[in-house]
S.K.: 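Here it is, the structure, as structure tokens.
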Amino acid sequence: MSALDRLPSGRGDRALIAGVACLFVGGLFALTPLQASLPSALYVFVEVGITFVIYGMLVLGLDLQYGHTGLVNFGHVVFFAVGAYATAMLAAQDSFSGIALGYPWPLALLVGVIAAALLGLVVSATSIRLRDDFLAIVTLATAEIFHSIFVNFEGVFGGNVGILGVPRPIAALVGDADTRLIATILVIGGITLITLAAVTRLTDAPYGRVLRAIRADELVTRSVGKSTIVYKTQAFVYGAALAGLAGGLFALYNGAVAPGFFTIQVTVTIWIGMLLGGAANHRAVLAGLAIIMGLRLVSRFGLSVTPVSGDVFAAFRLVVVGLILIAVIRFRPAGIWGDPQELGVDQ
Amino acid sequence: MSLLSAEGLVKDFGGLRAIDDLSVSIDEGELVGVMGPNGAGKSTFFNCVSGVIPPDDGTVTLDGTDVTGDPPESLAHRGLVRTFQNTRELETMTVRDNVRLAAPDQPGERTLPALVRSGSMREHEETVRERAEELIETFELDHLADEYSSNLSGGQRKLLELARTLMLDPEVLMLDEPFAGVNPTLTGEIADHIRDLNADGMTVVIIEHELETLTELVDRLIVLRQGRLLVEGEPEAVLEDERVIEAYLGGDAE
């Protein structure tokens, strides 16, 4: 059996073990008096790291949808936002604006995931039969519609201020800032690693073979007896639910949600991360995302040493990101670690 | 007894009637050829029967059940599988995965067994792999098993498509131009495979332009013209029929 041959074997199990270990150590920091100390120079890295592991769940879900099944979802941020808002509104206490119901956070998180999955189901039910580019338009429009709903229904969603007073379970347990950051990145990172293990198992199994067959040719897949609509809907809903989970965790980490956190910028970042790393390869899309977010981190330092104003620098950063995307499409259309034959983009 | 039958099939594309009140019946174990000049409605007939496009009128019956307009996936479960005129490979998958994909009833194609890597999924996958290897060997594709199917030649693609459909162990196999663009040696090989399958009891329906091979191969020929049944019967008799000669060699249309 060759390397190309995907056996449903132990791949992804290391991620599972690492994920459980992270959760365990993170739990130790959160629940016991154990303390960690962090040089202040590293704060920014850990903070970007936390955003990375949250976005990691987004990119893994998107990779399931696009990388494996070929569903073009240009509105992934909407599921992230819906998960975050649902969690925030249910769990928040005494928000300055919008609805705050004050339910226990685990329930709120669960509802956040379900809400995102339901929205995914609605979008699938209406649009999953559409061809690639049309689905892209529908998802993009869905994201924009929800964005303006969040901004404009101030009484419900708090307008531009958003929902404040969302409980922060880890912050509530750990007073010390260093320990809190470490515990947060370990817990959320652990969940991302478990997600990685789960999607790897799914796509290594015969299940993933059907998804990749749909990406290759849906009619052939149907003619050998697979209900492709069911698989496409499942892939879409699973991706949406993962984004909802990421959103809920984000709300519970951040303590507040606002429309500014859920702009199209999020969708763009994870798309570029996925394409840069190489679609249809879970570890590659995470690495691609790390590169693009690392670039942002580097450029943050760059701002302090360049003699230009913040606005100019921000514009310049976008130019660099655009150039990277052009370079990837031109020179490595399958991404850095992607397989050109598997993605059908022979150079 | 008739295993697959079409009664009064009609399909319009805009103002064009591609098939017009077409009734065809195929018995269990038969090897039937469908021929006719370009535009006679052969592929449309296949598409309507195999659920790729729904007919505008008429019924399709498979093994006594009305399956008119059923989607291809449910027909595949009922034992009717087809190939395509322009071979459609899953080009971004290897030859092995192309064949394995078609395995029916794999529990690992559902979320939960895939996530927990259930024992039944693994056991089933073992048999799927064995069967796929056998088929790949039978069709002499073993040296290409790990190639992406986009790298295969036209003839190899035809073989792969055949191997893939056989993974489903169909009762009725519908082949749309299995010899198109295939060299004479390979044509002979594919014809032998089809003959063997039919000898083992599989009902086979073939659309083909390669008349010589087709007439040697089949028990019965059905000739379509302008969406209607023109002639059917024993190959030799059909080929000598005046109407068939006229349809193929020209003459006054209507």
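All chains are named by letter (A, B, ...) in the order of the sequence lines, taking the proteins before the strands, and each is independently numbered beginning at 1.
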S.K.: Counting only non-hydrogen atoms closer than 4.5 Å, does Leu115(B) touch chain A with its backbone (N, CA, C, O), its side chain (CB onward), both, or neither?
M.R.: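 Both backbone and side chain.
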
S.K.: Using a 3.5 Å distance criterion without hydrogens, assess whether the side chain of Arg164(B) forms a donor-acceptor pair with backbone atoms of Leu101(B).
M.R.: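 No.
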
S.K.: When heavy-atom pairs shorter than 4.5 Å are enumerated against chain B, which of Arg215(A), Arg209(A), Gln234(A) gives the highest number?
M.R.: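 With the most close heavy-atom pairs to chain B, the winner is Arg209(A).
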
S.K.: Using non-hydrogen atoms and a 4.5 Å limit, figure out which bit of Leu343(A) sits close to chain B: side chain, backbone, both or neither.
M.R.: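 For Leu343(A), the contact with chain B is made by the backbone alone.
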
S.K.: Distance only, no hydrogens: is a donor on one side chain within 3.5 Å (strictly under) of an acceptor on the other, for Asp339(A) and Tyr148(B)?
M.R.: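 Per modelled atom types, Asp339(A) and Tyr148(B) side chains form a pair under 3.5 Å.
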
S.K.: With a 4.5 angstrom heavy-atom cut-off, is it the side chain or the backbone of Ala103(B) that approaches chain A, or both, or neither?
M.R.: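 Only the backbone of Ala103(B) comes within 4.5 Å of chain A.
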
S.K.: Measure Thr111(B) against the heavy atoms of chain A and call it side chain, backbone, both or neither at under 4.5 Å.
M.R.: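 For Thr111(B), heavy atoms of backbone and side chain both lie under 4.5 Å from chain A.
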
S.K.: Assess Arg88(B) against Phe84(B): is NZ or CZ under 6.0 Å from the centre of the six-membered ring, and within 45 degrees of the ring's axis?
M.R.: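 Because its charged atom sits under 6.0 Å from the ring centre and within 45° of the axis, Arg88(B) does stack over Phe84(B).
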
S.K.: For Arg78(B), is it the side chain, the backbone, both or neither that has a heavy atom under 4.5 Å from a heavy atom of chain A?
M.R.: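 Contact with chain A involves no heavy atom of Arg78(B) at all.
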
S.K.: Would you please classify the geometry between the Tyr55(A) ring and the Phe80(A) ring as parallel, tilted or perpendicular, with 30° and 60° separating the classes?
M.R.: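 Perpendicular: the ring planes of Phe80(A) and Tyr55(A) meet at over 60°.
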
S.K.: State whether a side-chain donor-acceptor pair under 3.5 Å links Asp63(B) with Thr65(B).
M.R.: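 No, because no side-chain N or O of Asp63(B) sits under 3.5 Å from a partner of the opposite role on Thr65(B).
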
